[in-house]
Undergrad: 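Next up is a structure, given as structure tokens.
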Amino acid sequence: MYDVNSKHADDFINHEEILDTLAYADENKNNLELIASLIEKAGKRKGLSHREASVLLACDDEAMNQKIFKLAEQIKKDFYGNRIVMFAPLYLSNYCINGCTYCPYHMKNKHIARKQLSQEEIRREVIALQDMGHKRLALEAGEDPVHNTMEYYLDSINTIYSIKHKNGAIRRVNINIAATTVDNYRLLKEAGIGTYILFQETYHKESYLKLHPTGPKHDYDYHTEAMDRAMEGGIDDVGVGVLFGLDKYRYEFAGLLMHAEHLEAAFGVGPHTISVPRLRNADDIDASSFTNGIDDDTFAKIVACIRIAVPYTGMIISTRESQKTRERVLHLGISQISGGSRTSVGGYCEPEPDDEKSEQFDVIDNRTLDEVVRWLMEMEYIPSFCTACYREGRTGDRFMSLCKSGQIQNCCHPNALMTLEEYLMDYASPETKALGDKLIDKEILNVPNEKARAVVMENLRLIRENNRRDFRF
């Protein structure tokens, strides 16, 4: 039986509830009066339930869909302004004992190069990332209790935070590793991680078991309940997501929102981020052999409906997507993107030799970080390297309360400008710097509080003239 408060996966991600939701959406996808009322309700910026949002996703009336897209774009502006947070993934290891049929790291793949970064190799990779301008990393690794131990993760996090090179520093380490225990999540929290990220891959249990035939990840309940254990371990910023293309997208959409509703109901705060990756080709993975792929129009609709349903939650898109696709969904709800990414184990310090390739999936957007930053500014977005909320203790329900009230804008906009100035001074090409200087001069006028604006202007001067760094509100 469906129970949003239950700690059991089959209750809060309830198959019958999803089927009922999809049936209700099909029955009402042309009910223009209901759809109009849902759009009006969503316009109050309080979100929608998984059932209500599923009706909007199923809607095939073009005029109503345009209203959905317009509202999603406005909600994105209301909560996130024109800021886009930048990050990069760092793959620590691709050793894995799971049998996931969509991932080249699966145990039966005997020809992919298996690697694990030593602490010295991590140091070199982090310096390379710092020299690009990154301040925020997402650590990735396969599941292997022999190679990828909690001790290894904790040592790696400590190494990363300890590295200061020129003006570079990684100020926030997020981590995407296999489901683990409450005690281990507590250790990760104590090590200073930001967000714990874990993709469900698919919420359809029968499909999940087939797609994960062997290894510890085969345990659907343990995997699906991981965010509950992370919260119990003190990690109040968690990131969820599904891999679109594994099962029917409308089922995944409903399950994803049900997961967000469960975390809100059970812990008082929903997910900090939602990711929307799509299945891609990889070393021995042919994405076209999976029959549930979605086209770009459907993908854009999903992003818009997620933004409407959970207006306060950050949304992430990676370099799995092309520049064209990323540009389209930035307007509809995405608030974080990666740039200059590698999905290999290492690869930032030195490119991998052809006979040692270790990528998890093909990168579509291969531009450098500088090119991505310049592209964002050409569209009048502010590339933000800010990590202030985590380091100021604005996490979990504290962050969400500030976000829901709109007060977070008083911190985020100034912090975005100051961290962009750091990037321009330390890493940008001349063309990017010239464009960024103009953007900052324009955006500083949009800091509404006069005293705050004066502080930001003084801090910008200190960054430019005195080589000062790491100011934050």
Side-chain angles (χ1 to χ4, degrees), residues 85-96 114-198 226 229-239 272-273 338 341-350 358 385-396 419 422 469-470 472:
V85 172
M86 310 300 301
F87 76 97
L90 175 59
Y91 283 74
L92 300 178
S93 170
N94 64 354
Y95 283 97
C96 193
R114 299 289 179 174
K115 302 178 182 179
Q116 182 187 53
L117 298 180
S118 67
Q119 296 306 310
E120 181 54 37
E121 288 170 328
I122 290 172
R123 178 179 176 80
R124 291 198 294 268
E125 292 296 313
V126 169
I127 288 174
L129 283 157
Q130 289 176 352
D131 284 344
M132 291 166 61
H134 280 294
K135 306 295 184 189
R136 177 189 303 237
L137 298 185
L139 303 187
E140 314 269 354
E143 184 169 11
D144 186 319
V146 174
H147 292 90
N148 306 333
T149 64
M150 185 54 56
E151 182 180 8
Y152 172 70
Y153 293 137
L154 297 175
D155 287 345
S156 301
I157 294 165
N158 183 62
T159 295
I160 292 166
Y161 279 137
S162 72
I163 299 167
K164 303 294 185 287
H165 178 69
K166 298 179 180 177
N167 282 331
I170 301 302
R171 297 171 181 166
R172 176 165 177 153
V173 174
N174 300 331
I175 190 163
N176 181 354
I177 60 170
T180 187
T181 65
V182 172
D183 286 343
N184 280 339
Y185 287 125
R186 191 170 290 115
L187 291 173
L188 290 171
K189 176 67 174 180
E190 291 170 357
I193 71 161
T195 305
Y196 171 67
I197 304 162
L198 184 67
R229 295 193 300 278
M231 290 280 199
E232 290 166 9
I235 300 175
D236 52 5
D237 281 357
V238 298
H272 188 71
T273 59
S338 51
S341 302
R342 302 286 184 272
T343 68
S344 53
V345 180
Y348 291 104
C349 182
E350 295 180 3
S358 63
F385 297 85
C386 177
T387 59
C389 281
Y390 169 70
R391 292 183 296 148
E392 292 293 327
R394 295 189 291 263
T395 62
T419 58
E422 290 183 345
R469 296 294 180 271
D470 200 14
R472 59 184 186 266

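Both backbone and side-chain heavy atoms feed into the values below; hydrogens, waters and symmetry mates do not.
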Undergrad: Could you give all pairs that pass the side-chain hydrogen bond (donor to acceptor under 3.5 Å, both in side chains) test and reach residues 85-96, with sequence neighbours left out?
TA: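 Checked against side-chain hydrogen bond (donor to acceptor under 3.5 Å, both in side chains) - neighbours excluded - the pairs reaching residues 85-96 are Tyr91-Gln360, Ser93-Asn148.
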Undergrad: Go through Ile175 and Thr195 one step at a time and tell me if the side-chain contact (heavy atoms from CB on, under 4.5 Å) criterion holds.
TA: CA-CA 7 Å; Ile175 190 163; Thr195 305; over 6 Å; no
Undergrad: Checking Lys164 now: which residues fulfil side chain to side chain contact (heavy atoms under 4.5 Å, CB included) with it, not counting sequence neighbours?
TA: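 Here the qualifying residues are Ala169.
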Undergrad: According to side-chain hydrogen bond (donor to acceptor under 3.5 Å, both in side chains), who are the partners of Thr273, at least two apart in sequence or on a separate chain?
TA: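 Not a single residue meets the side-chain hydrogen bond (donor to acceptor under 3.5 Å, both in side chains) criterion with Thr273.
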Undergrad: Taking atom CD1 of Ile122 and atom CG of Leu129, what is their separation to the nearest 0.5 Å?
TA: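 Here the interatomic distance stands at 11.5 Å.
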Undergrad: Verify side-chain contact (heavy atoms from CB on, under 4.5 Å) between Leu187 and Glu190, making sure each step is shown before the conclusion.
TA: CA-CA 5 Å; Leu187 291 173; Glu190 291 170 357; 3.8 Å; yes
Undergrad: Just how far is it from atom CD1 of Ile197 to atom CD1 of Ile235, taken to the nearest 0.5 Å?
TA: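 If I round to the nearest 0.5 Å, the distance is 11.0 Å.
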Undergrad: Within the side chain of Tyr196, is there an N or O that forms a donor-acceptor pair under 3.5 Å with the backbone of Asp236?
TA: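 Side chain of Tyr196 to backbone of Asp236, a donor-acceptor pair under 3.5 Å: no, none is there.
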Undergrad: Output yes when a side-chain donor or acceptor of Arg136 lies under 3.5 Å from a complementary backbone atom of Phe385, and no otherwise.
TA: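 No; judged by distance alone, with no hydrogens or angles, the pair does not exist.
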Undergrad: Where the side chain of Ser338 meets the backbone of Ser341, is there a donor-acceptor pair that is under 3.5 Å apart?
TA: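 Not a single qualifying donor-acceptor pair exists.
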Undergrad: Measuring from Tyr185:OH to Ile177:CD1, what's the distance to the nearest 0.5 Å?
TA: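 These two atoms lie 7.0 Å from each other.
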Undergrad: Taking the side chain as every heavy atom from C-beta outward, state whether Ile170 and Gln130 have any pair of such atoms under 4.5 Å apart.
TA: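 Yes, close enough: below the 4.5 Å cut-off.
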Undergrad: How many angstroms lie between CE in Met150 and CG in Asp155, if you round to the nearest 0.5 Å?
TA: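 If I round to the nearest 0.5 Å, the distance is 11.5 Å.
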Undergrad: Test of understanding: with salt bridge (Lys or Arg N to Asp or Glu O under 4.0 Å), list the residues that count as partners of Arg391, not counting sequence neighbours.
TA: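 Here the qualifying residues are Asp470.
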Undergrad: Which heavy atom of Tyr153 sits nearest a heavy atom of Leu92, and at what distance?
TA: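 Between these two residues, the closest heavy atoms are CD2-CD1, 4.1 Å.
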Undergrad: So, using ring-ring contact (aromatic ring centres under 6.0 Å, His included) as the criterion, who are the partners of His272 when residues are at least two apart?
TA: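 His272 satisfies ring-ring contact (aromatic ring centres under 6.0 Å, His included) with Phe399 only.
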Undergrad: Set out, in order, the CA-CA distance, both residues' side-chain angles and the distance that settles side-chain contact (heavy atoms from CB on, under 4.5 Å) for Leu117 and Tyr152, then state yes or no.
TA: CA-CA 10 Å; Leu117 298 180; Tyr152 172 70; 3.9 Å; yes
Undergrad: Who passes salt bridge (Lys or Arg N to Asp or Glu O under 4.0 Å) against Glu143, sequence neighbours left out?
TA: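 None.
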Undergrad: Which pair of non-hydrogen atoms, one from Leu198 and one from Ala226, has the smallest distance, and what is that distance?
TA: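 What the structure gives for the nearest pair is CD2-CB, 3.6 Å.
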Undergrad: Holding to side-chain hydrogen bond (donor to acceptor under 3.5 Å, both in side chains), I want the full list of residues that pass it with Arg114, two or more places apart in sequence or in another chain.
TA: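 side-chain hydrogen bond (donor to acceptor under 3.5 Å, both in side chains) check on Arg114 returns nothing, list empty.
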Undergrad: Which residues pass the side chain to side chain contact (heavy atoms under 4.5 Å, CB included) test with Ser344, sequence neighbours left out?
TA: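 For Ser344, the residues satisfying side chain to side chain contact (heavy atoms under 4.5 Å, CB included) (neighbours in sequence not counted) are Arg342, Glu352, Ser358, Glu359.
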Undergrad: Which pair of non-hydrogen atoms, one from Cys386 and one from Thr419, has the smallest distance, and what is that distance?
TA: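 Looks like N-OG1, 3.5 Å.
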Undergrad: For Arg123, give me all partners under side chain to side chain contact (heavy atoms under 4.5 Å, CB included), at least two apart in sequence or on another chain.
TA: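 Glu120, Ile127, Ile163.
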Undergrad: Considering residues at least two apart in sequence or located in another chain, which fulfil the side-chain hydrogen bond (donor to acceptor under 3.5 Å, both in side chains) criterion with Asn176?
TA: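 Partners of Asn176 under the side-chain hydrogen bond (donor to acceptor under 3.5 Å, both in side chains) test: Glu140.
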Undergrad: Hey, what do you get for CG (Leu139) to CG (Leu90), rounding to the nearest 0.5 Å?
TA: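 Reported to 0.5 Å precision, the distance equals 6.0 Å.
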Undergrad: Which atoms form the tightest heavy-atom contact between Lys189 and Gly233, and what is the distance?
TA: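 Result for this residue pair: CB-O, 4.1 Å.
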Undergrad: Please walk me through it: do Phe87 and Lys135 pass side-chain contact (heavy atoms from CB on, under 4.5 Å)?
TA: CA-CA 7 Å; Phe87 76 97; Lys135 306 295 184 189; over 6 Å; no
Undergrad: Any chance you could lay out the side chain to side chain donor-acceptor pair (under 3.5 Å) test for Asn174 and Arg172, step after step, and finish with the verdict?
TA: CA-CA 6 Å; Asn174 300 331; Arg172 176 165 177 153; 2.8 Å; yes
Undergrad: Partners of Asn158 by side chain to side chain contact (heavy atoms under 4.5 Å, CB included), sequence neighbours excluded?
TA: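 Result, side chain to side chain contact (heavy atoms under 4.5 Å, CB included) vs Asn158: none returned.
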Undergrad: Atom CD of Glu125 and atom CD of Glu350: how far apart are they, to the nearest 0.5 Å?
TA: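 Here the interatomic distance stands at 8.5 Å.
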Undergrad: Identify the two heavy atoms, one from Val238 and one from Ala230, that lie closest to each other, and give their separation to 0.1 Å.
TA: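 The pair with the smallest heavy-atom distance is CG1-CB, 4.2 Å.
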Undergrad: What is the minimum heavy-atom distance between Thr387 and Arg171, and which atoms define it?
TA: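 The pair with the smallest heavy-atom distance is OG1-CB, 3.1 Å.
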Undergrad: Please list, chain by chain and in numerical order, all residues satisfying side-chain hydrogen bond (donor to acceptor under 3.5 Å, both in side chains) with Gln119, sequence neighbours excluded.
TA: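 Gln119: side-chain hydrogen bond (donor to acceptor under 3.5 Å, both in side chains) contacts with Ser156, Thr159.
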